[in-house]
Number of protein chains: 2
Amino acid sequence: MELITIKDIAKALNLSTSTVSRALRGSYEINPETKKLVIEYAEKHNYRPNPIALSLKENKSRSIGVIVPEIDNPFFSQVINGIDAIAYNRGYHVVIFQSHESYKRELINLEHLTSRRVDGLLISLSGETQSVEHLQELHQKGMPIVLFDRVSEEINTHKVVSDNFEGAFTATEHLIREGRRRIVQITASPFLSITKERVNGYIAALNKYGIPVDESLIRYCGYDLAAIEKMMEELFSGDTPPDGILTVSDRLALGCLAVLKRRKISIPEQIAMVGFTNLKAAYLLEPALTTVVQPSLEMGQRSAELLLDLIERKPSSIPPNYQTFKLYSELIVRESSVRH
Amino acid sequence: MELITIKDIAKALNLSTSTVSRALRGSYEINPETKKLVIEYAEKHNYRPNPIALSLKENKSRSIGVIVPEIDNPFFSQVINGIDAIAYNRGYHVVIFQSHESYKRELINLEHLTSRRVDGLLISLSGETQSVEHLQELHQKGMPIVLFDRVSEEINTHKVVSDNFEGAFTATEHLIREGRRRIVQITASPFLSITKERVNGYIAALNKYGIPVDESLIRYCGYDLAAIEKMMEELFSGDTPPDGILTVSDRLALGCLAVLKRRKISIPEQIAMVGFTNLKAAYLLEPALTTVVQPSLEMGQRSAELLLDLIERKPSSIPPNYQTFKLYSELIVRESSVRH
DNA sequence: TTGTACGCGTTATCAC
DNA sequence: GTGATAACGCGTACAA
């Protein structure tokens, strides 16, 4: 735990710092005895190379930046978990920033990241972000970037996403097969890639079964719980309330379930529901909730692996054609969700 | 965004690096014109001081380490949120480590932290941790440390906790006043300070109302959901099932609610329940759940403020007597929890 | 007012 | 096989 440096070792052993350095790194041919002596002394005094000095020398921080909309969101905290696992194994710091769904804060985060000299960036876009010029600029300056979950077509780099189209398609199809026809999709910011893909999957499923698309059944909604509940109340106050619901996030599912409970609308008897959710709570409390489980942990791991590969490879050997990796989202149907 | 250094500015302006440095820091008396020139150039080329070089020079990393049992736990992700807010405002990095409730991993984290040269440490102990010698050693070597939530008597430094005794006392009293007598407390690792305090609060409330303490109604339980449910099933299979429940964490509350739901035991008609919870989901899905809300965000903020004060103060001026700051936990009783 | 020299911890290069 | 030196970027004591 002591703050011992290579210089201290050199002094103590009457050697030069360069000899000590070589002994420790074992690179050059060196007198085995000297080497042994140095290594023993280092171990005894718990020598640890100063990562800051190394960073300065190598012009690398051995840290990666992560920008997420909110840490306090089960999906993202699970992703961070995955990132964390990979990064620490490979000797990297993870520095986390939150955009709080604000484009402005995303820009500020980027500024912080660059001045902190992170070696690479993992980012999931804010709900407000419509242009990714800020990322492109950074990317062109040589910063390795991997986008995950909420990505953009407009930047050419690696991306890791879940198969949102397929997830929404399967979920919608499940509802249709259970006999539902008036299926509402409750979704988030219309700017997000995940939103667009999920809406497309939903529409494709309706089309497949010849159900006309009713635009009023696609509801875009912010994350504010009160707003979600208000929208839901509205939806169920009309003459023709939905008989099926597809929600695409934890918070949306919760607001939705809360309103159903309050109105004593029972699942699955009166209405069927599928939620994209990462919250273990949801299905425990509402066993009839069919769930599209996001591969959050895996997404974090894959993204981090990709980014670290990009960072550690020489710039000239970075593959010219970036790819989008799609991870499988599982649809989990529980017995109790089948209509009695 | 460019990687421009002080040296580049000096070269471009035909000045020495020291002049540029002074101009930028504005410390020394310097020719106003030169100063203006330098600052303009710096702004134009987006100069940012290299934090790594500064760290090396000042022997400070301007980063703080945070060790939590799990990131993916709503209480801790909220605490991290609070830490984050304060730290970034004051120009510090937050480096997060997870102990995964393992003492061994806590030790490894500590090792990483020190070799990473963090300026200070915020830690909430793992469920396995019984001795804090590892922390004491580090603390005696001069590392500023603030413990939060799960603390230890055996180390003398600042601590930030919520009032667990009071929280459990109030919760238990609430149950008693609703007419419950067989109140079970379902709690976590017996080693944790929070567990002991909550058990004490529970016992004190029973004593106040002359209810004998039944040791079999204090259940220690791991975080594994399956184990929680098994324990609950056991509890409710006996001849005299509880008529009141106090759970002290989100996961325990969830496992508990899941079993009640499965056995069709209704709240509050058949059983009353209070949970320590930070999960917005819980009360939404079960409105009859009375909640002890932990001041998680505030805890993060207070802890970070304390730690940064410790770090930035000269060692000689650190107050010799460390304190434990208790934050208030609010008991939230919703209408629907009153027995009909 | 400005420039020179040094040190923070480490490694690479060159010399011995 | 080992030691001296320079360099990474910055701030500052000291010299001019």
Side-chain angles (χ1 to χ4, degrees), chain A residues 1-39 41-42 45-63 91 93 114-119 142 314, chain B residues 1-39 41-42 45-63 91 93 114-119 142 312:
Chain A
M1 302 273 186
E2 296 289 336
L3 300 164
I4 184 179
T5 76
I6 240 174
K7 211 181 267 182
D8 298 323
I9 302 179
K11 217 167 280 171
L13 264 46
N14 255 325
L15 290 168
S16 77
T17 57
S18 31
T19 305
V20 174
S21 174
R22 279 191 291 251
L24 290 168
R25 305 205 59 250
S27 52
Y28 269 62
E29 299 296 331
I30 199 175
N31 186 328
E33 281 189 34
T34 320
K35 186 171 177 176
K36 200 181 151 204
L37 217 62
V38 170
I39 290 178
Y41 189 92
H45 292 75
N46 214 311
Y47 167 78
R48 292 284 177 277
N50 185 328
I52 296 167
L54 283 173
S55 289
L56 181 61
K57 182 141 191 59
E58 298 170 11
N59 198 26
K60 300 191 301 178
S61 63
R62 285 197 83 79
S63 69
H93 263 196
T114 48
S115 78
R116 281 291 184 182
R117 309 288 204 272
V118 297
D119 296 339
K314 274 105 193 125
Chain B
M1 303 272 184
E2 295 290 335
L3 299 162
I4 184 178
T5 77
I6 238 175
K7 209 183 272 182
D8 298 323
I9 302 180
K11 218 167 284 173
L13 266 47
N14 255 327
L15 291 168
S16 77
T17 57
S18 41
T19 306
V20 175
S21 173
R22 279 189 291 252
L24 290 169
R25 304 207 57 252
S27 52
Y28 269 60
E29 300 296 331
I30 199 173
N31 186 328
E33 281 189 32
T34 319
K35 187 170 176 174
K36 199 182 154 206
L37 217 61
V38 169
I39 289 179
Y41 189 92
H45 292 74
N46 214 311
Y47 168 78
R48 292 284 176 277
N50 184 330
I52 296 168
L54 283 173
S55 290
L56 182 60
K57 179 146 193 55
E58 298 170 9
N59 199 26
K60 301 190 301 180
S61 62
R62 286 197 84 79
S63 69
H93 261 198
T114 49
S115 78
R116 280 291 183 181
R117 308 288 202 274
V118 297
D119 296 339
E312 292 178 352

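Convention: sequence-line order gives letters A, B, ...; per-chain numbering from 1.
- The residue from A/I39, A/L13, A/L15 that alone fulfils the side chain to side chain contact (heavy atoms under 4.5 Å, CB included) condition with A/V20 is A/L15.
- Rounded to whole Å, the distance from CG on A/N14 to C1' on D/dG1 is 16 Å.
- Of the candidates D/dG3, D/dG1, C/dT11, the closest approach to any side-chain atom of A/N31 belongs to D/dG1.
- Atom CD of A/E33 and atom P of D/dG1 are 12 Å apart (whole Å).
- Distance CZ (A/R62) to P (C/dT11): 13 Å, rounded to an integer number of Å.
- When all heavy atoms of A/L54 and A/P49 are compared, the pair lying nearest together is CD1-CB, 4.2 Å.
- Residue A/N50 is classed as a sugar-phosphate contact, given heavy-atom separations below 4.0 Å to backbone atoms only.
- Closest to the side chain of A/Y47, from the set D/dG3, C/dG3, C/dT10, is C/dT10.
- If you check C/dT11, C/dG3, D/dG9 against the side chain of A/L56, the one that comes closest is D/dG9.
- Listed pair A/S16 / D/dT2 fails the phosphate criterion, with no side-chain N or O lying under 4.0 Å from OP1 or OP2.
- At whole-Å resolution of the value, CG in A/N59 and C1' in C/dA12 are 16 Å apart.
- Here the side chain of B/T19 is nearest to one of C/dT2, C/dC8, D/dA4, namely C/dT2.
- Sequence order on DNA chain C of the closest nucleotides to B/T17 and B/E58 puts B/T17 first from the 5' end.
- Here the side chain of A/K7 is nearest to one of C/dC8, C/dT10, D/dC8, namely C/dC8.
- Scanning all heavy atoms of the two residues, the minimum distance from B/T17 to B/A10 falls at N-CB, 3.8 Å.
- The closest side-chain heavy-atom distance from A/T114 to B/R48 is not below 4.5 Å.
- The distance from atom CZ of A/R22 to atom P of C/dA12 is 10 Å, rounded to the nearest whole Å.
- Taking atom NZ on B/K57 and atom P on D/dC10, their separation rounds to 12 Å, with Å as the unit.
- Counting any heavy atom pair closer than 4.0 Å across all strands shown, B/S55 reaches no nucleic acid atom.
- With C/dT13, C/dT11, D/dC10 as the choices, the nucleotide that has an atom nearest any side-chain atom of B/A53 turns out to be D/dC10.
- Taking atom CD1 of residue A/I52 and atom C1' of nucleotide D/dG9, one finds them 13 Å apart after rounding to whole Å.
- Within 4.0 Å (heavy atoms only), A/L15 reaches sugar-phosphate atoms of the nucleic acid but no base atom.
- Checking D/dC8, D/dC10, C/dT10 against the side-chain heavy atoms of A/T5 singles out C/dT10 as nearest.
- At a threshold of 4.5 Å between non-hydrogen side-chain atoms, the residues B/T34 and B/T19 count as touching.
- Nearest heavy-atom pair, B/I4 versus B/Y41, reported as atom, atom and distance to 0.1 Å: CD1-CE2, 3.9 Å.
- Atom pair B/L54:CG and D/dG9:C1' shows a separation of 8 Å (rounding to whole Å applied).
- Checked by distance alone, B/S21 brings no side-chain donor or acceptor within 3.5 Å of a matching partner on the base of D/dT12.
- Using a 4.0 Å cut-off, some side-chain N or O of B/T34 falls inside it from OP1 or OP2 of C/dT2.
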